Structure formats: C-alpha cells, structure tokens
2 protein chains.
Amino acid sequence: MILSKTTEYALNVLAFMATRNKEMYPADYLCKELKIPRQYLKRLLTDLSKKGFITSIRGRNGGFIFSRDLSTINFLHVIEAMEGPEAMNTCLLGFTACIVDHPCVMHDLWTKARSKMTETLTNTSFADLKNKYDKDKKSIAQIIIH
Amino acid sequence: MILSKTTEYALNVLAFMATRNKEMYPADYLCKELKIPRQYLKRLLTDLSKKGFITSIRGRNGGFIFSRDLSTINFLHVIEAMEGPEAMNTCLLGFTACIVDHPCVMHDLWTKARSKMTETLTNTSFADLKNKYDKDKKSIAQIIIH
DNA sequence: ATAATATACTATAAAAAGGTAGCATTTTAT
DNA sequence: ATAAAATGCTACCTTTTTATAGTATATTAT
Ligand code: FES
Ligand code: FES
C-alpha cells in the first residue's frame, strides 16, 4: 500500500478545488495557494484531467474545473486512478497480490484492518468533503503542505 | 503513509522466521526461501539486527535468530522502525504531519479510518502470528513474494 | 592451522519518483 | 491583428529507493 507524494498532491488539489467556490482554478493560482511545485502541479493537473476528474480549459481565463458532480467522485477513485486499481489491496507481507485463494498468514487480519479505511475512502465523496468544510470551517487550520 | 518494498521484505522475513521452527536462519537460506535479492536481503538483515529485532551470529553455523521473545515484537514496531515513527500518522492530504491542533478537512474521518488498522498492527505480535500459522497452516498458501 | 561457512562493509549501478526549464499551442480581451 | 494568459508537451536533472558486486572479517568443524 502506497500513498505517494503525488497522490497526496492530487487529493490536496481536488480537496481544495472542491471546498472553495471559484468558477475556475488556474494552475498558477493553485500553485500559489497550495505551495506545490509549479511545473509538477501543472503536469499533475493535466494528468487529473486525462483521468476524467477535472476539465482543462485552455487560453486566457482558462484553468481547471471539476468535470463531473462532486458527489460522483470519492477518495478511493482518486487513489486508484493515481496508484493503480490494486493500491489498497496489497498484501502486508509484500506478496504480489492479496488474494483470497492464496492468503498469507496475515491475510484475514490485514483484510479486516484495511476494510474500515477502504470503506471511508469509498464513502467519502468530494461533495461530502465540501459539506464538511462549510460546516467546520472554523476548526480547520491546515491549508498548506510544507 | 507508505509501506515500501523494503518494509514488506522486513515483515516477510520476520514472519517467516517467526513461523518456522529452525534454530538458526542464515541469510542464504532466507534468500532462497523468500526470493528476496541476496545482497539486499543481507543488508536488510544487518539493519534489522541493528534495530534490535534479530541477532546476528557470524562465522560457520551462524545466521540470524530473534533477539527477544516473539510476543514483544508487533507489526507496528517493525513498520515504525523501517519507515520512521510517523509512518502511520500521516495526513491524507499530504500536509507535513497529521496533528490534532492543525487538522485538515479530512482529519477526523481519516484518523478514525486508520485506527482499526493501527490497532491491528499494534495488537498482532509475532507470537500471535506463529500461533495463527500453526493453527491455520493448511489454508495458508502464499510463501513467496514474486 | 586451515578450510569452510557465515556476516559486515563499501562502492557502485539501475530504476523510480520527484522536480525544473523552455517552448509550443490555444483562447480571448482589447 | 495582437498581446496576454492560460494549458500541453518534451527533455532533462536530482533525489530516493532498490539491487549488485566484491572484499573484509569473524567463527567453528575438522
Ligand atoms: S495475501 Fe498477504 S495480506 Fe492478503
Ligand atoms: S491533518 Fe490531514 S488527516 Fe490529519
């Protein structure tokens, strides 16, 4: 199981875009707000648009917007899009896959332990995130990665 | 949160050593059984011995054995020794740390989601693993990583 | 003593991830 | 038309992780 820095950036950007009420999010604006390296973020945004989460609009006044309703995108979607479909289904002991037919000695314990996490990642859409943010705004301190 | 390949190797080796009933585990034997690259595994074993999980015995008939009782070592110990003490305490959105005073919008959901996993990793010692293995041996298929 | 069998150490290479720079292309306000 | 403001693309660089090779050192059976 890996949540790479790039995936964290992706979740961070999307969470930011989902919770603010802008019409459009240009790369440079996101870069300034989130302190993610400029060119790296641009590449990531292009990638996220190719993956269907956001739409890019080129040219003056362009930027990025969500391409579908926030309620249709959850955290697991993004993680799997970034890390591959098996990202959250890896064997704790590093076997090639975590398969029910070929369990390792930790398999059932590990599967159970992961389930709550996977469940949360599946059940939390970016619309939920926005609602949460609007409700709890005062108690949310952290905005910047570094 | 990252479980790197090296950490998976570490858990794999220790799980193997904990469940077999050998007096001594030479590096070459572990390498052959677990298909972990020879020199890389040797270095890892030295590392694990420096970290106090196993003891190295040099010379003919040497190898590695656990340096303390299996019941005193759990999965979180090993993960934290390999990945650093904050390995399982990282912010989902990639903020520098996951801190109660400086929560991000996902903080409380993510903290709850992680807890079951962390709990399992803490509550499962390598002695538990051995018991489990002795009991379920027939249903455990997977041994080799690749 | 000596040979065999181990681990320990060091240097290096290869691969993957993260980050940077520059230019091309697209769009729109003026 | 033109300039400004945006994304798209490619090539390259740096750092970290993973892997390999060779040599030094330690221990013990014989
Ligand atoms: S096979 Fe190891 S955790 Fe499932
Ligand atoms: S601060 Fe983001 S998960 Fe805790």
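First the proteins, then the strands, lettered A, B, ... as listed; each starts at 1. Everything quoted here is computed from the prediction, not taken from an experiment.
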ask   = Just to confirm, is there a sub-4.0 Å distance from OP1 or OP2 of D:dA29 to any side-chain nitrogen or oxygen of B:Asn61?
value = yes

key: Spacing of B:Arg60 atom CZ relative to C:dA1 atom C1', expressed in whole Å   = 14 Å

inquiry  = Should the side chain of A:Arg58 and the base of C:dT25 be counted as holding a donor-acceptor pair, with the cut-off at 3.5 Å?
reply    = yes

inquiry  = If I take atom CG in residue B:Leu41 and atom P in nucleotide C:dT7, what distance separates them, rounded to the nearest angstrom?
reply    = 9 Å

note = note: A:Ile57, atom CD1; D:dG8, atom C1'; distance rounded to Å ~ 15 Å

request  = Locate the shortest heavy-atom distance separating B:Asn89 from B:Cys98; write the atom from each residue and the value.
outcome  = O-CB, 3.1 Å

D:dG8 base / A:Arg43 side chain donor-acceptor hit below 3.5 Å = no

message = So if I take every side-chain heavy atom of A:Pro26 and compare against C:dT28, D:dA19, D:dT7, which nucleotide ends up nearest?
response = D:dT7

message = Quick check on D:dT18: is either OP1 or OP2 less than 4.0 Å from any side-chain nitrogen or oxygen of B:Thr6?
response = yes

ask   = Parallel, tilted or perpendicular for B:Phe126 and B:Phe75, by the 30°/60° rule?
value = parallel

message = If you compare every side-chain N and O of A:Tyr9 against the phosphate oxygens of C:dG18 (OP1, OP2), does one of them come in below 4.0 Å?
response = no

query = So, are A:Lys51 and A:Asp47 salt-bridged, with charged N and O less than 4.0 Å apart?
reply = yes

key: Sugar-phosphate only, base, or nothing, as touched by B:Leu45 at under 4.0 Å among non-hydrogen atoms   = nothing

query = Checking all strands, does B:Ser49 fall into the base, sugar-phosphate, or nothing category for heavy-atom contacts under 4.0 angstrom?
reply = nothing

ask   = Between B:Ile36 (CD1) and D:dT17 (C1'), how many Å, whole number?
value = 16 Å

inquiry  = Under a 4.0 Å threshold between the charged nitrogen and the carboxylate oxygen, would A:Lys130 count as salt-bridged to A:Asp134?
reply    = yes

query = Between A:Lys42 and C:dA21, is there a side-chain N or O to OP1/OP2 distance below 4.0 Å?
reply = no

ask   = Are any of B:Thr46's side-chain N or O atoms less than 4.0 Å away from OP1 or OP2 of C:dT7?
value = no

inquiry  = Measure OH/B:Tyr40 against P/D:dT16 and give the value in whole Å, please.
reply    = 14 Å

message = Could you tell me how far apart B:Leu3 (CG) and D:dT18 (C1') are, to the nearest whole angstrom?
response = 16 Å

ask   = Donor-acceptor pair under 3.5 Å: do we get one between A:Gln39's side chain and the base of C:dG22?
value = yes

ask   = Could you state the CZ-C1' distance from A:Phe64 to C:dT27, rounded to the nearest angstrom?
value = 14 Å

query = Between B:Met88 and B:Leu3, is any pair of side-chain heavy atoms under 4.5 Å apart?
reply = yes

note = In whole angstroms, the gap separating C1' of D:dG8 from CG of A:Leu48 amounts to 15 Å

